[in-house]
Amino acid sequence: MILPQNFYSKPTVRVARALLGQVLVHETPQGTAAGRIVEVEAYLPKKDPGCHASRGKTARNSPMFGPAGFAYVYFCYGNHYLFNVVTEKEDVPGAVLIRALEPVEGLELMAQRRGKFLPDDLGLTNGPGKLVQALGIERAHNQKALFKKPLYLRPGQRKEKIGVTTRIGLTEGADLPLRFFLTDNDYLSVRPGKARPSMAMRKKMKARAVKV
DNA sequence: AGCAAGATTAGC
DNA sequence: CTAATCTTGCTA
């Protein structure tokens, strides 16, 4: 069972909430790795200064303007790839960032890809850059279809309540409540109430202080 | 051309 | 707490 393309071609917030509990699967020659989605963030087409597409189409964010159900993978902070699912109709730029997974299959493989981590380690997939590494997602997956193998979503179960907070690590649009997660899940990237100002935000404060 | 910023992570 | 690390997009 694979979620069809029309699962994604809806308003971004609705897709974001629907993604919680679904299982992200990546089949590779080394084996299959899969994890249940426990945390996401929505990036909206309109009135969202935190969205890459908020200042128009560029070479980097063009996948967000394409049809729904494709991957938007981009490089961040010089070290990490982040994985998004494109939403909305074509030419309407929306996406959902996958921020944390609960491992369900291929734990040994994920641990191997993550280096020193053990298969039962929470650090395996509890962050947007970490889960990309654990599943073996790379730059080459940018703009790949997610409604067919080898990288796809399988229907899963959700019985937990959905929690909502502001998004992590942004300097623009940081006040919008667009981060959705399964309450009390062990694999959340930031434990509720423990969020610290991100490096991006601190950098900005510093730059502002120098100017004044 | 050059530079600053960034949807993060791991290590001291 | 801070360095690492490099692509992108704008010209601070």
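Proteins get letters first, then strands, A, B, ... in listed order; numbering begins at 1 in each.
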Query - Phosphate contact (B:dT8 OP1 or OP2) by A:Ser198 side-chain N/O below 4.0 Å - result: no

Requested in this report: Just call it for A:Tyr81: base, sugar-phosphate, or nothing, with non-hydrogen atoms closer than 4.0 Å on any strand.
Outcome: nothing

Query raised in the report: In whole Å, what is the span from the CG atom of A:Asn79 to the C1' atom of C:dC6?
Result: 8 Å

**Report entry** Shared hydrophobic cluster for A:Ile2 and A:Leu153 (ILVMFWY, side-chain gaps under 4.5 Å)
**Finding:** no

**Report entry** Face-to-face stacking of A:Tyr43 with B:dA7, centres under 5.5 angstrom, angle under 30°
**Finding:** yes

Query raised in the report: Can a cation-pi geometry be assigned to A:Arg179 and A:Phe181, taking NZ or CZ under 6.0 Å from the six-membered ring centre and within 45° of the ring axis?
Result: yes

Query raised in the report: Going by heavy atoms in the side chains, are A:Ile168 and A:Ser198 under 4.5 Å from each other?
Result: no

Query - Atom P, compared across C:dT8 and C:dA12: separation rounded to whole Å - result: 22 Å

Report task. Check the distance between B:dT8's C1' and A:Glu41's CD and give it to me in whole angstrom. Result -> 12 Å

Query - Centroid-centroid under 6.0 Å between A:Phe70 and A:Tyr8 rings - result: no

Query raised in the report: A:Leu131 CG to B:dT8 P: how many Å, rounded?
Result: 12 Å

Query raised in the report: Has A:Arg167 got its NZ or CZ under 6.0 Å from the middle of the six-membered ring of A:Tyr43, at an angle within 45 degrees of the ring axis?
Result: yes

Query raised in the report: Do side-chain atoms of A:Asn61 reach the backbone of A:Thr58 as a donor and acceptor pair under 3.5 angstrom?
Result: yes

Report summary line: Separation of B:dT9 atom C1' from A:Arg99 atom CZ, nearest Å, is 12 Å

Query raised in the report: Atom CZ of A:Arg114 and atom P of B:dT9: how far apart are they, to the nearest Å?
Result: 8 Å

Query raised in the report: Taking the side chain of A:Lys203 as heavy atoms from C-beta outward, which of B:dG11, B:dG6, B:dA7 is closest to it?
Result: B:dG6

Query raised in the report: Within the structure shown, what part of the strands sits under 4.0 Å from A:Arg167 by heavy-atom distance: base, sugar-phosphate, or nothing?
Result: nothing

Requested in this report: Using whole Å, report how far CG of A:Leu82 lies from P of C:dC6.
Outcome: 16 Å

Query raised in the report: Which part of the nucleic acid, if any, lies within contact of A:Gly50, taking any heavy atom under 4.0 Å across all strands shown: a base, the sugar-phosphate backbone alone, or nothing?
Result: base

Query - B:dC12 versus C:dC6 - spacing of their C1' atoms, nearest Å - result: 23 Å

**Report entry** Length of the line joining A:Glu39:CD and B:dT8:C1', which is rounded to integer Å
**Finding:** 13 Å

Requested in this report: Examine C:dT5: is either OP1 or OP2 under 4.0 Å from a nitrogen or oxygen in the side chain of A:His80? Give yes or no.
Outcome: no

Query raised in the report: Can A:Glu105 and A:Arg154 be counted as an ion pair, charged N to O under 4.0 angstrom?
Result: yes

Query raised in the report: Can a side chain N or O of A:Arg202 be found less than 4.0 Å away from OP1 or OP2 on C:dT2?
Result: yes

Query - side-chain contact (heavy atoms from CB on, under 4.5 Å) between A:Asn185 and A:Glu102, intermediate numbers included - result: CA-CA 8 Å; A:Asn185 191 282; A:Glu102 176 186 317; 2.8 Å; yes

Report task. Scan A:Lys130 against the nucleic acid and name what it touches under 4.0 Å (heavy atoms): base, sugar-phosphate only, or nothing. Result -> sugar-phosphate

Query raised in the report: If you pin A:Gln133 and A:Ala53 to their nearest nucleotides in DNA chain B, which one's is more 5'?
Result: A:Ala53

Query raised in the report: Would one find a side-chain N or O of A:Arg55 under 4.0 angstrom from OP1 or OP2 of C:dC10?
Result: no

Requested in this report: Please find out if less than 6.0 Å separates the ring center of A:His52 from that of A:Tyr74.
Outcome: yes

Ignoring hydrogens and angles, write down the donor-acceptor pairs under 3.5 Å from the side chains of residues 109-120 of chain A, residues two or more places apart or on other chains.
| residue | atom | partner | partner atom | Å |
| --- | --- | --- | --- | --- |
| A:Arg113 | NH1 | A:Ala134 | O | 3.0 |
| A:Arg113 | NH1 | A:Leu135 | O | 3.3 |
| A:Arg113 | NH2 | A:Thr28 | OG1 | 3.2 |
| A:Arg113 | NH2 | A:Gln30 | OE1 | 3.3 |
| A:Arg114 | NE | A:Leu124 | O | 3.1 |
| A:Arg114 | NH1 | A:Gln133 | OE1 | 2.7 |
| A:Arg114 | NH2 | A:Gly123 | O | 2.9 |

Check: protein-nucleotides 1-4 of chain B nitrogen or oxygen pairs below 3.5 Å:
none

**Report entry** Pairing annotation in dot-bracket form, given for DNA chain B with Watson-Crick or G-U pairs under 3.5 Å and | for cross-strand partners
**Finding:** ||||||.||||.

Query raised in the report: Salt bridge between A:Glu160 and A:Arg36, side-chain N to carboxylate O under 4.0 Å?
Result: yes

Requested in this report: Figure out the CZ/P separation between A:Phe75 and B:dA7, and round it to whole Å.
Outcome: 13 Å

Query raised in the report: A:Met199 has a side chain; which of B:dA7, B:dG6, C:dA4 sits nearest to it?
Result: C:dA4

Query raised in the report: Taking the side chain of A:Leu170 as its heavy atoms from C-beta onward, which of B:dA7, C:dG9, C:dT5 lies nearest to it?
Result: B:dA7

